[in-house]
2 protein chains.
Amino acid sequence: MPQSSVGLSQATEDYLKAIYGLAGDQERAVQTTDLAGALAISPASVSGMLRRLSKDGLLSHLPYRGVRLTATGRRLALRVVRRHRILECYLTNRLGYDWNAVHAEAERLEHAVSDELVERMALVLGDPPYDPHGAPIPTRDGEIAVPSLIPLAEVPIGTLAELRMVDDKDAERLRYLTSLGLEVGTRFEVVDRQPFDGPVTIGLPGRPPVALGLALARTLGCRIHEPEPRSPPEDSLPAGA
Amino acid sequence: MPQSSVGLSQATEDYLKAIYGLAGDQERAVQTTDLAGALAISPASVSGMLRRLSKDGLLSHLPYRGVRLTATGRRLALRVVRRHRILECYLTNRLGYDWNAVHAEAERLEHAVSDELVERMALVLGDPPYDPHGAPIPTRDGEIAVPSLIPLAEVPIGTLAELRMVDDKDAERLRYLTSLGLEVGTRFEVVDRQPFDGPVTIGLPGRPPVALGLALARTLGCRIHEPEPRSPPEDSLPAGA
DNA sequence: ATCATCTATTAGGCAAGCCTAATTTCGTCA
DNA sequence: TGACGAAATTAGGCTTGCCTAATAGATGAT
């Protein structure tokens, strides 16, 4: 059953990682169907596997109610996430990979690298806090700093913002963002937003404005740089308490 | 069944590599038992697996007579060997691994890295011809230069020689060699050899002579630097034809 | 409250790879 | 030539993970 550095099967690692990813860091319960979707596996198979993982103490499974990682499960999930993200950093920084190509490679390697190797890579890189898509990298001892970002879809018109985080799974989407001149750290201004779930238009310095579909805009994590210049709300000069 | 970059299962890759390793490059037939020993698997299991690999056209299996890789099998085996050895080089050169630690890590990674990644590592390293243990690295297109070396066990007394190749599988042995000051490229002189399968004594510059067991001496591939100074055999000045 | 619907689980199967025990084949030696 | 031991194969079983089809639980609308 073992095969990685720590003795979990690849399937087990994939389940834990997927559950962690779907639950978010506040550990919401995850539905069987959602998990099946994320893993591209039939719900029936997931049910069977969940029974085993539950028996092994990695998660708690209330039948028909979803699953939640146990402390152990969460720790192991974060270990896999750390491996994945350090690998992504290493591949881009040291081996010239594009940010749209690292995910697939890391997806396979994360099950094969030893902790020793991961830590050597982290050391060489100087312990990066974020991966190439802006996702925070869990520390050796399972801490993770969840960045508080705003989806582009919710950034008000007129705001100056910075792209901080993008989902890494869709290579096509990443190539598209690159073609627009958008990468992690890029600053832009939200120029317009069409009502009724229409696209968001942003302006980058020295480029014509671009309209981004709402589905895409929802997946782009942004940091606000400058609140709306017009209509200063209420705390302009007084420091309210 | 697939899982690597090329669609072979890990088990398949392990079988092909082990057969290639046991057969030597001239492709001798390999016995089921030897293969079972190399893979630490029961002979019965190997029999079953060989039937499948044979059906898949990766080897030809004459029952009770042993197996031989087909051209396809050999090509795939060499691909795995290349991955393994490039990985060993990369880990020692770029990530500070000792030569005794790389084998285990490469053994797992060789099943997970893509050809893309292997070639990027090879590029960064400048296409090394040998791995850290002196084994030749197959080229991208399946060529391999088999070095003609002499086992230390057969180097005549009085000869000046150089260690060129060591088996990479036994980390303990590699640590021992390091402790003696022996690594790939080290020059030494064969000082003495006890009769009846006794140890071989070698001298390294600036160190007291060391006696190496015959079993160990048989696994050390050497290049001769200077033929025996005493008793020049027969082809000293005439160039025989 | 009940039914229709969606979600989840169980039932039953399959392929990959491994195991042990039993059997067959090879090869050698008398 | 015949028998014996070593090597190889077959027989039968197990676990992991996946599948489809059938059943059971939860839920929202009437």
Side-chain angles (χ1 to χ4, degrees), chain A residues 1-4 6-19 22-23 28-69 73 76 80 107-108 110-112, chain B residues 1-4 6-19 22-23 28-69 73 76 80 107-108 110-112:
Chain A
M1 87 214 54
Q3 106 177 38
S4 144
V6 69
L8 300 179
S9 73
Q10 175 162 148
T12 298
E13 293 188 341
D14 284 337
Y15 274 78
L16 295 179
K17 190 179 55 148
I19 293 168
L22 289 171
R28 276 193 316 283
V30 170
Q31 310 297 120
T32 300
T33 309
D34 295 345
L35 191 47
L39 293 167
I41 275 174
S42 79
S45 301
V46 170
S47 260
M49 188 65 169
L50 290 182
R51 196 182 323 115
R52 259 178 291 170
L53 295 178
S54 172
K55 177 172 61 65
D56 294 349
L58 301 179
L59 48 82
S60 61
H61 184 199
L62 301 184
Y64 295 98
R65 286 304 172 81
V67 291
R68 228 176 272 270
L69 293 178
L76 294 172
V80 179
E107 196 77 354
R108 271 175 288 111
E110 68 191 5
H111 305 295
Chain B
M1 83 213 58
Q3 109 177 37
S4 145
V6 68
L8 301 179
S9 72
Q10 175 162 147
T12 298
E13 293 189 340
D14 283 337
Y15 274 77
L16 295 179
K17 190 177 55 148
I19 293 168
L22 289 171
R28 277 193 316 283
V30 169
Q31 312 297 121
T32 301
T33 309
D34 295 344
L35 191 48
L39 293 167
I41 275 173
S42 79
S45 301
V46 171
S47 259
M49 188 64 169
L50 290 182
R51 195 180 324 114
R52 257 178 293 168
L53 295 177
S54 171
K55 177 172 60 66
D56 293 349
L58 301 179
L59 48 83
S60 60
H61 183 200
L62 299 185
Y64 296 97
R65 287 304 174 79
V67 291
R68 226 178 274 271
L69 293 177
L76 294 172
V80 179
E107 196 75 355
R108 270 176 290 111
E110 68 190 5
H111 305 295

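The chains referred to below are lettered A, B, ... by the order of the sequence lines, with proteins before strands, and numbering in each begins at 1.
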Nearest-Å distance, [atom1] ([X]) to [atom2] ([N])?
X	N	atom1	atom2	value
A:Leu35	C:dT7	CG	C1'	14 Å
A:His111	D:dG17	NE2	C1'	14 Å
A:Gln31	C:dT7	CD	P	9 Å
B:Asp34	D:dA7	CG	P	9 Å
A:Leu16	D:dG17	CG	C1'	15 Å
B:Leu62	D:dT9	CG	P	10 Å
B:Leu39	C:dC19	CG	C1'	15 Å

**Request:** Take B:Arg52 and B:Thr12 through the side-chain contact (heavy atoms from CB on, under 4.5 Å) test and state the conclusion after the steps.
**Result:** CA-CA 10 Å; B:Arg52 257 178 293 168; B:Thr12 298; over 6 Å; no

**Item:** Reported NE2-to-CZ distance for the pair A:His61 and A:Arg68, which is rounded to 0.5 angstrom
**Value:**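 Reported to 0.5 Å precision, the distance equals 12.0 Å.
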
**Request:** For DNA chain D, determine which residues of residues 46-57 of chain B have any heavy atom closer than 4.0 angstrom to one of its atoms, and list them numerically.
**Result:**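 DNA chain D contact set from residues 46-57 of chain B: B:Ser47, B:Arg51.
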
**Prompt:** Choosing from D:dA7, C:dG17, C:dT9, which nucleotide comes nearest the side chain of B:Thr12?
**Reply:**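 Given the options D:dA7, C:dG17, C:dT9, the side chain of B:Thr12 is closest to C:dG17.
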
**Request:** Using a 4.5 Å cut-off on heavy atoms from C-beta on, say whether the side chain of B:His111 contacts that of A:His111.
**Result:**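 No - every pair of side-chain heavy atoms lies 4.5 Å or more apart.
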
**Prompt:** Distance check: side-chain N/O of A:Ser42 vs OP1/OP2 of D:dC19, anything under 4.0 Å?
**Reply:**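 Affirmative; the distance criterion is met.
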
**Message:** Using OP1 and OP2 only, check whether a side-chain N or O of B:Tyr15 sits under 4.0 Å from C:dA16.
**Reply:**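 For B:Tyr15, the contact criterion (side-chain N or O under 4.0 Å from OP1 or OP2 of C:dA16) is not met.
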
**Request:** Take A:Tyr15 and A:Val67 through the test side-chain contact (heavy atoms from CB on, under 4.5 Å) and record every step on the way to the result.
**Result:** CA-CA 11 Å; A:Tyr15 274 78; A:Val67 291; over 6 Å; no

**Message:** A:Val80 vs A:Leu8, test: side-chain contact (heavy atoms from CB on, under 4.5 Å). Steps then yes/no.
**Reply:** CA-CA 10 Å; A:Val80 179; A:Leu8 300 179; 5.6 Å; no

Please tabulate, one pair per line, each protein N/O and nucleotide N/O from nucleotides 21-29 of chain D that are separated by under 3.5 Å, including the distance.
none

**Request:** Under 4.0 Å between any heavy atoms, over every strand shown, what does A:Ser45 touch: base, sugar-phosphate, or nothing? Just pick one.
**Result:**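 A:Ser45: base contact, heavy atoms under 4.0 Å.
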
